[in-house]
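One structure is given here, and the rest of the page talks about it.
Counting begins at 1 with the first residue of the sequence. Atoms within each ligand, like the ligands themselves, are counted from 1 in listed order.
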Amino acid sequence: MPEGDTVWLHAHRLNAALAGATLVRSDFRLPQLATVDLAGYVVREVVSRGKHLLVRLTSPETTGGAGWSLHSHLRMDGTWGVFRSGQPWRRRPAHLIRVVLETERVAAVGYHLHDVKLVPTAGENELVGHLGPDLLGADWNADEAVRRLNAAPARDIGTALLDQRNLAGIGNLYKAEICFLRGVSPWASVGDVRDLPAMVQLGRRLLWANRERWPQITTGDSRRGRQVWVFERSGDPCLRCGTVVRSTRHGGGPIEDRLTYWCPSCQPGTTAPAQ
Ligand SMILES: [Zn+2]
């Protein structure tokens, strides 16, 4: 599931492949950007901001000044591949390709990307300025994340953790795992959560620990089927107590965030409202 750590790793890999290089060809297979040609642009850096990815570019006409930012979001199904020049692009079917950025050495191919936009770098805030503290950002601020969560104490903690305006980077997997590890029902009110700062710090620790690898492991066990406590394990026994893990629809956010998973024994208290 692409969450903040996955996007961070994509940005890291893309930055290693592209930063400092001049694009020799670009290809946008999207109606709104079909006529854009970034040949001659220099890639300054590739960064993540929460679950958003930004490729920052300098246009050949500007010297050291204004640049452009190519924004994208992976949602549930997006990914990037980096291929050496001349190597076939085999990561996903070709019809899913949305963006190609080529240098003399590599091709960065974005599959099934969402919210692809090209904006002046100075205007990035229109796309990412609403985000709360980035769990993997250099400017991570746990106190500010706690303050934002506490601003709506009646809200359920599951939805509040997913709200990128509170803290940026948590998706459905980490939401479920953080609630499990803290023994908190996803439907508990924010105001009823014991030790909210510890919950926020746990989120930071989990994303940080997973940022340099593709699998998302919250149990400390990398074996298949043992990597997470409850996410996508409904019907299976809880790895801690054996109670059957449950799942149900939760909230009205993006479709990938609508199912929540929990262990009724390890996470007692407020239960799911009747469906
Ligand atoms: Zn349990």
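Salt-bridge check for R56 with E124: passed, with a basic side-chain N closer than 4.0 Å to an acidic carboxylate O. Salt bridge absent: R75 and D77 never bring a charged side-chain N and a carboxylate O closer than 4.0 Å. Ion pairing between a basic and an acidic side chain is recognised when a charged N comes within 4.0 Å of a carboxylate O; D5 and R211 show no such pairing.
Distance NE2/H71 to CZ/R49: 11.5 Å, rounded to 0.5 Å.
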Determine whether H52 and H73 satisfy the following criterion, ring-ring contact (aromatic ring centres under 6.0 Å, His included), listing intermediate values before the conclusion. CA-CA 5 Å; H52 301 248; H73 200 292; 4.9 Å; yes
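Distances from the Zn ion (ligand 1) under 2.8 Å pick out these protein N/O/S atoms: C238 SG, C241 SG, C263 SG, C266 SG.
For H10 and W214, the gap between ring centers is short of 6.0 Å.
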